[in-house]
Number of protein chains: 2
Amino acid sequence: MTYSIGEVAKKFNLSVPTLRYYDREGLMPFVERTTNGTRVFQESDIELLKIIQCLKSSGMAIKDIKIFIEWCSDGDSTLQQRFDLFMKQKAVVEKQMEELNKTLQLIEHKCHYYQVALEAGTEDIHKNKKK
Amino acid sequence: MTYSIGEVAKKFNLSVPTLRYYDREGLMPFVERTTNGTRVFQESDIELLKIIQCLKSSGMAIKDIKIFIEWCSDGDSTLQQRFDLFMKQKAVVEKQMEELNKTLQLIEHKCHYYQVALEAGTEDIHKNKKK
DNA sequence: TTACCCGATAAAGCTAACTTTAGGGCAAGC
DNA sequence: GCTTGCCCTAAAGTTAGCTTTATCGGGTAA
């Protein structure tokens, strides 16, 4: 099973120019071409794209993902680097979740704050409470 | 207790130009000035900055935070809008946490994948397993 | 055979969120 | 009175991550 760039775009909910941009940036060096230059995506390219998407949503920059892709091309000699990268990225995401939790708590507090203010018809209800 | 822009910058781990940029963008219309134009931050400005930081880390754009700040200036007539905004943002952050969880799971899977590959000395261990 | 998709490239354009640069003011300490 | 360190503004520059535009080629259906 192979896919055209348009099919891949739909699958990943990305635009076709975005995929070509990723290719240009070196994120997809494995994608084959037909004789007239049309990209042909294999199942394995789809799998790699999933990982690229994953690293992207963990906040990794494209130029850093590119380095990982290069490590993939380099074979077993880079296993340690790739392991380290994912361990580092695991810590990064865990940190992000902590931060997001704090953010959520403040937002929930504000929801409650405005709920009470709405019921009272005025924000002053909070000022009075504090004093 | 009041603070200079430099003190606020340290407190929030932001640069001074960034704070001035926020001010220019309309995020800090309440901050007072001395006669010669120097900004003087009150405790209440610090509190508002915390909320701005919170909205920022939930992914809200500066121009949208500005709208919220304007609502704050408009008083009780905008209580409903502000409540709605935080409820919406709560949903946004919950969605982000879901996504981040999926990302974390894939990363953890990859950690394990490379752990096994490292122990075997080659990534081929996974290719063999699949077949 | 002409119209219409789909594919391709190169290059320019865009937006957000800052940062940097260039210029200047005021107050304290040596 | 001069240096140092903080403050100020306006305007230009930067970076990432795309998107848009212009121009082209190939395959198929009416």
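Within every chain, numbering begins at 1; the chains are lettered A, B, ... in the order of the sequence lines, protein sequences first and strands thereafter.
For C:dC18, the OP1/OP2 oxygens have a side-chain nitrogen or oxygen of B:Lys56 closer than 4.0 Å. For the OP1/OP2 pair of C:dC26 and a distance below 4.0 Å, the side-chain nitrogens and oxygens of B:Thr38 include no atom meeting the criterion. Phosphate proximity of C:dA8 to A:Arg20: present, with a side-chain N or O under 4.0 Å from OP1 or OP2.
For the atom pair B:Asp74 CG and B:Arg82 CZ, the distance stands at 8.0 Å (nearest 0.5 Å). Taking CG of A:Leu104 as the start and CE of B:Met97 as the end, the distance is 6.5 Å to the nearest 0.5 Å.
No contact: A:Thr34 has no heavy atom under 4.0 Å from any strand.
Salt bridge present: B:Glu47 and B:Lys50 bring a charged side-chain N and a carboxylate O closer than 4.0 Å. Salt bridge status for A:Glu94 with A:Lys90: present, with a side-chain N to carboxylate O gap under 4.0 Å.
Distance, B:Ile5 CD1 to C:dT19 P: 12 Å, rounded to whole Å. The OH atom of B:Tyr21 sits 15 Å away from the P atom of C:dT20 (whole-angstrom rounding). The CG-P distance, from B:Asn36 to C:dG24, rounds to 18 Å in whole Å.
Without hydrogens or angle criteria, A:Asp23 side chain to A:Pro29 main chain gives no donor-acceptor distance under 3.5 Å.
Using a 4.0 Å cutoff to heavy atoms of chain B, the contacted part of DNA chain D runs 5' to 3' from D:dC7 to D:dT9.
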